[in-house]
> 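My questions will all concern the structure given below.
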Amino acid sequence: MEPVNLFDLATRQSQWLAVRQSAIASNIANANTPGYTANDVEPFEKVLDRTAVTLAATQAGHLGTETANAGFNVKPEEATGSIMPSKNTVVLEDELMKAGEVRRSFELNTAIVKAFHSMMTMVVKS
C-alpha cells in the first residue's frame, strides 16, 4: 500500500502552524521591547506552491528527480498601523487574532486527519 498524501499534507500544515504559533508567541513576549519588529510566517499557500509533487525512483534504472525545498520562512511584518515611540511594531490585538486563527486551524487539521483515519480503518477492516 502506498502512503496517502493527505497525511503528509496534514503533517506539513501542522508543522507550519507550530512555527507560526512560535512566531506569534515571540511577538507577544516582545510587545514592550524597544525596537522589536513583529515577525510572521509566510502564508501556507505559498509553501504549497513551492512544494512540487515528484516522482520516486522505485528501481535502480529509473531517472531521479530533485525535490523542491518547502521550508518555512519567518520574516518581519510590514508595519501597517502606528509604530510605538519605542519603534516596536507589535500590535497585541492583531497577534491575539492570529493566535486564534492558529488554534482554529489546528482543530480543523486534527478533525480532518481523524475523519480520514476513520475512513482508512473502515476500509482495512472490511
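Computed from heavy atoms alone, side chains included, the values below leave out hydrogens, waters and symmetry copies.
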> Can you list everything that forms a side chain to side chain contact (heavy atoms under 4.5 Å, CB included) with Ser26? Sequence neighbours excluded, please.
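Partners of Ser26 by the side chain to side chain contact (heavy atoms under 4.5 Å, CB included) criterion, ordered by chain and then number, come out as Asn30, Tyr36.
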> Please report the closest heavy-atom contact between Gln21 and Phe106, naming both atoms and the distance.
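For Gln21 and Phe106, the tightest heavy-atom pair comes out as OE1-CE1, 3.7 Å.
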> Can Ile28 and Val90 be said to form a side chain to side chain contact (heavy atoms under 4.5 Å, CB included), step by step?
CA-CA 7 Å; Ile28 292 171; Val90 176; 5.7 Å; no
> Taking side-chain contact (heavy atoms from CB on, under 4.5 Å) as the criterion, tell me which of Thr89, Asn27, Thr37, Asn39 meets it with Glu77.
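The single option meeting the side-chain contact (heavy atoms from CB on, under 4.5 Å) with Glu77 is Asn27.
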> Are Glu101 and Lys98 ion-paired here, with the side-chain N under 4.0 Å from a carboxylate O?
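No, this pair does not count.
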> Drop me the distance from Phe116's CZ to Thr121's OG1, to the nearest 0.5 angstrom.
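Going from the CZ atom of Phe116 to the OG1 atom of Thr121 covers 10.5 Å.
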> How long is the span from the CG atom in Asp40 to the CD1 atom in Ile24, to the nearest 0.5 Å?
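Nearest 0.5 Å value for the CG-CD1 distance: 6.0 Å.
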> Hey, can you tell me if Trp16 and Phe44 have their rings parallel, tilted or perpendicular (30° and 60° cut-offs)?
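Because their plane-to-plane angle lies in the 30° to 60° range, the rings of Trp16 and Phe44 count as tilted.
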> Kindly give the heavy-atom pair with the smallest separation between Asn88 and Ala31, and that separation in Å.
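Closest approach of Asn88 to Ala31: ND2-O, 2.9 Å.
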> Is the number of heavy atoms from other residues, nucleotides or ligands within 6.0 Å of CE (Met97) greater than 12?
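No, the 6.0 Å shell around CE holds no more than 12 heavy atoms from other groups.
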> What distance separates Asn109 CG from Thr11 OG1, expressed to the nearest 0.5 Å?
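Spacing of CG (Asn109) from OG1 (Thr11) equals 8.0 Å.
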